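Here's the structure, in structure tokens; my notes come after.
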There are 2 protein chains.
Amino acid sequence: MIREQLLDPGAAELAGFLNRHARACACLVQVAGQMEVTYQGRAASTAEAGAYLLILKADGSLQIHHPKGVKPMNWQPKTDTVTAAAQDGFCVLTASRKNPAETVQVVMLEIQLAQALEITDEAGFVIAGTEAQLQATLARQPELIEPGLTVLDLELLTDVGGIDLYAKDAKGQYVVVELKRAKATQEAVHQLSRYVDAVREHLPKRAKVRGILAAPAISLPAAMTLERLNLEFKEIHALPTAQEQAAQPNLF
Amino acid sequence: MIREQLLDPGAAELAGFLNRHARACACLVQVAGQMEVTYQGRAASTAEAGAYLLILKADGSLQIHHPKGVKPMNWQPKTDTVTAAAQDGFCVLTASRKNPAETVQVVMLEIQLAQALEITDEAGFVIAGTEAQLQATLARQPELIEPGLTVLDLELLTDVGGIDLYAKDAKGQYVVVELKRAKATQEAVHQLSRYVDAVREHLPKRAKVRGILAAPAISLPAAMTLERLNLEFKEIHALPTAQEQAAQPNLF
DNA sequence: ACCTCGATGTCGGCT
DNA sequence: AGCCGACGTCGAGGT
């Protein structure tokens, strides 16, 4: 599982280690110690010398972590080339990609630890409660939104984007439904609004089109805007609540 | 720098290690080996037993990495409690937070490595090319958008959000500018459109209000919508181009 | 390759 | 504490 581990490696030794493992073997490579990191690409950043943790995965993704937060300080989702070289007594790692053109460069000042771990298997991972699942559920059971609703289309494409759920209500009026798996914001209201407008343009004049924002909750300002625009809100939950789970344990 | 390192620890030993270092010392803690991970909260997920790398930072953030990508498989940005305990011969780590209420639970099946690293200092980090900087630059040099432009306001609040740049052009017409540091999408066009509408409502009838989308590029569909809505596009770059840098090296 | 949108988005800033 | 919007967003899915 630990393929190789170096303590306090020298520049040349570290460069050799990185070139040997970067991409070549299916390993997750880590380097910890004092580094300096610069980035040039969509933006440009510099990190002063400090203690960081660098992780280079087998798929070529790179991340450099500072002491705080889930998000790396610097990163590269994919790399076209990753190379290490000893320069002026320091090991320098350069990770580049084209499209977008960007480069992360790491100067390894004083490295305490370099290791290659065998983290390589893809194991099964399942997630529940996504918007896609919510959409599928509501497509099967549109009455969860409103009795008498008939679903006409999923992801119906308009000029301005895809409509989550396109339907007809009990009175035969068209209904545009915008789904959110989390609390709806102003943004969601405007998204719905522009879909409703787009649908109206494709229908005969004075055909009424309803817009429903379906989400577990809505922010107060968003609710205001919603009302002003004559749109509707329907509370709907992405994950079954504890009660629902108890009531229909076999459904999920 | 390496505060402590355990190879092939037992359940109790590992639990002790985690409880000792989690949050207590200002360390970055890692565990590598076979684990099972479950998450319950905003969504719900399960990861089958597999080789993962767990990172627990001193600020209480937790992330569990699989072999691919920058994004962790599971994570928790902040935790209220992190506890480890030996159960049925396995060390089980539980990380929880309220608001939102969620829990990550890790069953450590076969651990090869646990280590605590001193990654604790906050070193200087600067980034260039953000939208905020672009906004500041254009506020100082509005002629970069258009000759004769006078900036009236930054982040002017309307009912529907803040206007990046509110200005008056050479002819005295009001101008709403929406900035994007990257290629502008449909969304940006609609954002701009909303702001223009909001401003029109506050001005006497028939006062003309121009809307300019300032970005390094625009997607083709967005450009279509922009034209349909009688809005304008102005190419503007968040980072100085190589030529500009060469021409005015002292400005940046 | 471009485009669009979801995300357990995360994170910071402001009210 | 809630709300909003940027992000080097990432990543997946469609065209």
Side-chain angles (χ1 to χ4, degrees), chain A residues 39-45 59 61 63 68-78 97-104 127-135 155 157-158 160-164 178-191 217-225 238-239, chain B residues 38-45 59 61-64 68-78 97-104 127-135 155 157 160-162 164 178-188 191 217-224 238-239:
Chain A
Y39 161 76
Q40 270 276 355
R42 287 168 287 175
S45 76
D59 66 344
S61 65
Q63 43 195 306
K68 280 189 165 183
V70 164
K71 238 187 69 178
M73 172 183 73
N74 285 99
W75 69 90
Q76 195 96 280
K78 267 175 186 167
R97 74 197 281 206
K98 327 178 163 165
N99 205 298
E102 43 189 2
T103 303
V104 174
I127 188 162
T130 62
E131 186 180 306
Q133 288 172 14
L134 179 58
Q135 187 183 36
E155 294 299 334
L157 279 175
T158 70
V160 293
I163 294 176
D164 287 338
E178 171 65 26
L179 299 180
K180 285 296 162 209
R181 66 168 310 288
K183 183 183 270 202
T185 64
Q186 293 247 39
E187 172 107 40
V189 176
H190 288 289
Q191 212 176 334
I218 183 167
S219 77
L220 185 52
M224 296 297 179
T225 308
L239 283 176
Chain B
T38 53
Y39 161 73
Q40 269 276 357
R42 286 168 287 176
S45 75
D59 67 343
S61 64
L62 171 74
Q63 44 195 306
I64 297 153
K68 281 188 164 185
V70 163
K71 239 187 70 179
M73 173 182 73
N74 286 100
W75 70 91
Q76 196 123 77
K78 267 176 184 166
R97 73 198 280 207
K98 324 178 164 168
N99 204 304
E102 44 189 3
T103 303
V104 175
I127 188 162
T130 62
E131 185 179 307
Q133 288 173 15
L134 179 59
Q135 187 184 37
E155 293 299 334
L157 280 175
V160 291
D164 287 339
E178 172 64 27
L179 299 180
K180 285 295 163 209
R181 66 168 310 291
K183 183 183 272 202
T185 64
Q186 294 246 40
E187 168 103 40
Q191 217 176 333
I218 183 167
S219 79
L220 186 52
M224 295 299 179
L239 283 176

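The basis for the numbers below is simple: all heavy atoms, side chains too, and nothing from hydrogens, waters or symmetry mates. This one's a predicted model, so the numbers in the text were calculated from it and none came from an experiment. Chain A is the first sequence line, chain B the second, and so forth, proteins listed ahead of strands; every chain is numbered from 1.
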Between Gly69(A) and Ala184(B), just flag the one whose closest nucleotide in DNA chain C comes earlier from the 5' side.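 Counting from the 5' end, the first nearest nucleotide belongs to Ala184(B).
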Earlier contact from the 5' end, DNA chain C, for Asn74(B) and Gln186(B):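 This one resolves to Gln186(B).
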Of all the nucleotides listed ([options]), which has the minimum atom distance to the side chain of [X]?
{"X": "Glu131(B)", "options": "dC7(D), dC4(D), dG8(D)", "answer": "dC7(D)"}
{"X": "Ala43(B)", "options": "dG8(D), dC3(C), dT8(C)", "answer": "dT8(C)"}
{"X": "Val70(A)", "options": "dC3(C), dT10(C), dT9(D)", "answer": "dT10(C)"}
{"X": "Thr130(B)", "options": "dT8(C), dC7(D), dG6(C)", "answer": "dC7(D)"}
{"X": "Pro221(B)", "options": "dC4(D), dC3(C), dA6(D)", "answer": "dC3(C)"}
{"X": "Pro77(A)", "options": "dC10(D), dG6(C), dC3(D)", "answer": "dC10(D)"}

Between dT8(C) and dT4(C), how far apart are the two P atoms, rounded to whole Å?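 Per the computed distance, 22 Å lies between those P atoms.
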Determine the interatomic distance between P on dC11(C) and the same-named atom on dG11(D); round to the nearest Å.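 It comes out at 15 Å once rounded to the nearest Å.
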dG8(D) base to Gln76(A) side chain: any donor-acceptor pair below 3.5 Å?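 Pair found.
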Using only heavy-atom distances, decide whether a donor-acceptor pair under 3.5 angstrom links the side-chain of Glu102(A) to the base of dG8(D).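 For Glu102(A), whose side chain was compared with the base of dG8(D), there is a donor-acceptor pair (under 3.5 Å).
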Assess whether side chain to side chain contact (heavy atoms under 4.5 Å, CB included) is satisfied between Asp164(B) and Glu155(B), documenting all intermediate values. CA-CA 5 Å; Asp164(B) 287 339; Glu155(B) 293 299 334; 3.6 Å; yes
Earlier contact from the 5' end, DNA chain D, for Ser45(A) and Asn99(B):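 Residue closer to the 5' terminus by nearest nucleotide: Asn99(B).
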Let me know, please, whether Ile218(A) or Lys68(B) comes out on the 5' side of the other along DNA chain D by nearest nucleotide.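 Between the two, 5'-proximity favours Ile218(A).
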Below 4.0 angstrom from OP1 or OP2 of [N], is there any side-chain N or O of [X]?
{"X": "Trp75(B)", "N": "dT8(C)", "answer": "no"}
{"X": "Ser219(A)", "N": "dC4(D)", "answer": "yes"}
{"X": "Gln191(B)", "N": "dA6(D)", "answer": "yes"}

Nearest 0.5 Å, what's the CH2-NZ distance between Trp75(A) and Lys71(B)?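 Reported to 0.5 Å precision, the distance equals 14.0 Å.
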Rounded to the nearest 0.5 Å, what's the gap from OG on Ser61(B) to NZ on Lys68(A)? Could you check?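 Result: 10.0 Å between the selected atoms.
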Determine whether a donor-acceptor pair (N or O, by modelled atom type, separation under 3.5 Å) exists between the side chain of Arg42(B) and the backbone of Arg181(A).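 Here the side-chain-to-backbone pair does not exist.
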Just by modelled atom types, is the Gln76(B) backbone N or O under 3.5 Å from a matching donor or acceptor in the Glu102(B) side chain?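 Checking the backbone N and O of Gln76(B) against the side chain of Glu102(B), no donor-acceptor pair under 3.5 Å is found.
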Remember a base hit wins even if backbone is also touched, and classify Glu155(B) as base, sugar-phosphate or nothing at under 4.0 Å, heavy atoms.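 If one applies the 4.0 Å heavy-atom cut-off, Glu155(B) turns out to touch nothing in the nucleic acid.
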